[in-house]
Amino acid sequence: MASRQGRRQAAYELTIGDEFFHVDSADSVLVPWPARPLASREAREVRVRVIGTDGEVSDWSDPVSVERGLVAPDWTATLIEPARDERGPAALLRRSFVADGEITRARLYITAHGLYVAELNGERVGDDALAPGWTSYHHRLRYQTYDVTGQVRAGENAIGVQVADGWWRGRVGFVPGWRDTYGSSLGLLAQLEIDYADGRRQVIPTDEGWHSSTGPIRSADLYWQVSMSTASGGSRLRDAARRRPATCAGCGSWAHLTEWTPPETVTPGCSAPTRSPGRCTATP
């Protein structure tokens, strides 16, 4: 629809798969889903167009795939904690696995007590910053879903995750130096699911099969000054002597970790779209 001042929406139309819906409404944000509820892991293609109060109809939008995440019974992962949870350094958690068939679909469902960055076979998963974002940890834990079909390969694989304090236990709030607002131990909850052409589904959850260590990030905090150690004693973002991908099994030592029970409420979160930032601002 042409953009002209004063133009108002009178209705909108949707196609969801092969279904068509006409809705008389001026609303365009947080509108009800008109089709049947999606099943867990189900995806459908959606297009939309709007109708103005003058009767003019817009072009159809480009199709967008809408996919539902996991519901509570689908979670088999356990919230795990590093074996040695040091104050300051980001924790590394990793696990190796074998994919033994033709892969048709792979999804990583992931969240943390703290902030996380995930890797598969040394390649970063997604481009989110400060995931999973702030939440009211005492009530819910938001998770993200990533399509990693192109990152899982036949044969040997490794998944690794860096986890740091964030809002969970970092220095946040109105009291100088206050920390551990929600908890005192870092944690990771993740579930990698791989679907094969023969109908099998392989699930790699966080459990006692993971290992933990620390890596190049020696200190991380949302608001306080960050000071990083290096082999020469200087202050840098990363310790070059400890640099390694989170998926590297032969780099340094890895310890068996502590296993915890999962939180009662895990809810899907929204990820930011993939795009380059318009401006980056550094604050003291």
Side-chain angles (χ1 to χ4, degrees), residues 17 37-46 63-80 91-112 115-133 141-163 187-212 244-249 254 257 259 262-263 266-275:
L38 296 179
S40 178
R41 306 179 182 88
E42 181 183 3
R44 300 190 73 183
E45 193 172 85
V46 178
V64 174
S65 179
V66 176
E67 181 175 316
R68 186 175 182 182
L70 302 182
V71 296
D74 299 321
W75 282 97
T76 61
T78 299
L79 187 71
I80 56 175
L92 300 184
L93 300 104
R94 74 173 303 280
R95 177 174 175 169
S96 299
F97 64 93
V98 175
D100 60 350
E102 181 184 348
I103 300 166
T104 59
R105 177 185 181 275
R107 297 289 187 271
L108 176 61
Y109 307 95
I110 183 170
T111 187
L115 306 178
Y116 73 84
V117 175
E119 297 178 6
L120 260 170
N121 299 317
E123 180 183 354
R124 177 167 175 165
V125 174
D127 63 354
D128 298 318
L130 305 181
L141 186 58
R142 299 176 68 83
Y143 72 90
Q144 284 74 46
T145 303
Y146 296 101
D147 182 350
V148 293
T149 307
Q151 292 179 256
V152 180
R153 59 198 181 203
E156 292 283 346
N157 291 263
I159 180 173
V161 185
Q162 297 186 71
V163 183
L188 174 67
L189 183 71
Q191 187 161 309
L192 174 62
E193 296 189 350
I194 305 170
D195 292 345
Y196 294 102
D198 60 8
R200 290 180 298 122
R201 171 173 293 146
Q202 181 181 8
V203 179
I204 297 94
T206 44
D207 57 17
E208 69 279 358
W210 288 58
H211 293 77
S212 67
R244 58 179 170 179
T247 51
C248 179
W254 296 86
L257 43 77
E259 184 178 354
V266 184
T267 59
C270 296
S271 297
T274 302
R275 60 175 180 265

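Taking every heavy atom of both residues into account, A43 and S65 meet most closely at CB-OG, 4.0 Å. Taking both residues in full, the closest heavy atoms of V125 and V148 are given as CG1-CG1, 3.8 Å, listed atom of the first, atom of the second, then distance. Nearest approach of L189 to T206, heavy atoms of both residues: CA-OG1, 3.7 Å. Scanning both residues, G187 and V163, for their nearest heavy atoms gives O-CG1, 4.0 Å. The shortest heavy-atom contact between D100 and Y196 is N-OH, 3.3 Å. When all heavy atoms of Q144 and A131 are compared, the closest pair comes out as OE1-CB, 4.0 Å.
Between Y116 and P132 there is a side-chain heavy-atom pair separated by less than 4.5 Å. Here the side chains of L93 and Q162 are not in contact, with every heavy-atom distance at 4.5 Å or above. Annotation: side chain of P205 is in contact with side chain of R95 (closest heavy-atom distance under 4.5 Å). Using a 4.5 Å cut-off on side-chain heavy atoms (C-beta onward), E102 and D198 make no contact.
Rounding to the nearest 0.5 Å gives a distance of 13.5 Å between OH of Y146 and CG of L192. How far CG of N121 is from CZ of R153: 3.5 Å, rounded to the nearest 0.5 Å. Atom-to-atom distance recorded for I103:CD1 and N157:CG is 6.5 Å, nearest 0.5 angstrom. I204 CD1 to T76 OG1: the interatomic distance, rounded to the nearest 0.5 Å, is 9.5 Å. With values rounded to the nearest 0.5 angstrom, I194 atom CD1 is found 10.0 Å from L108 atom CG. Separating the CG atom in L79 from the OG1 atom in T111 is a distance of 9.0 Å, to the nearest 0.5 Å.
A search for salt bridge (charged side-chain N to carboxylate O under 4.0 Å, His left out) contacts involving R41 returns D74, E193, not counting sequence neighbours. Checked against salt bridge (charged side-chain N to carboxylate O under 4.0 Å, His left out), E42 has the following partners two or more places apart in sequence or in another chain: R36.
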**Q.** Steps toward salt bridge (Lys or Arg N to Asp or Glu O under 4.0 Å) verdict (R107, D147)
**A.** CA-CA 5 Å; R107 297 289 187 271; D147 182 350; 3.0 Å; yes
Q) What do the steps show when you test L70 against T145 for side-chain contact (heavy atoms from CB on, under 4.5 Å), and what is the final call? A) CA-CA 9 Å; L70 302 182; T145 303; over 6 Å; no
Q: Determine, step by step, whether R201 and D195 satisfy the side-chain contact (heavy atoms from CB on, under 4.5 Å) criterion, reporting the C-alpha distance in whole Å, the side-chain angles of both residues, the deciding distance to 0.1 Å, and the verdict.
A: CA-CA 4 Å; R201 171 173 293 146; D195 292 345; 2.7 Å; yes
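Checking side-chain atoms of Q151 against main-chain N and O of R124 turns up a donor-acceptor pair under 3.5 Å.
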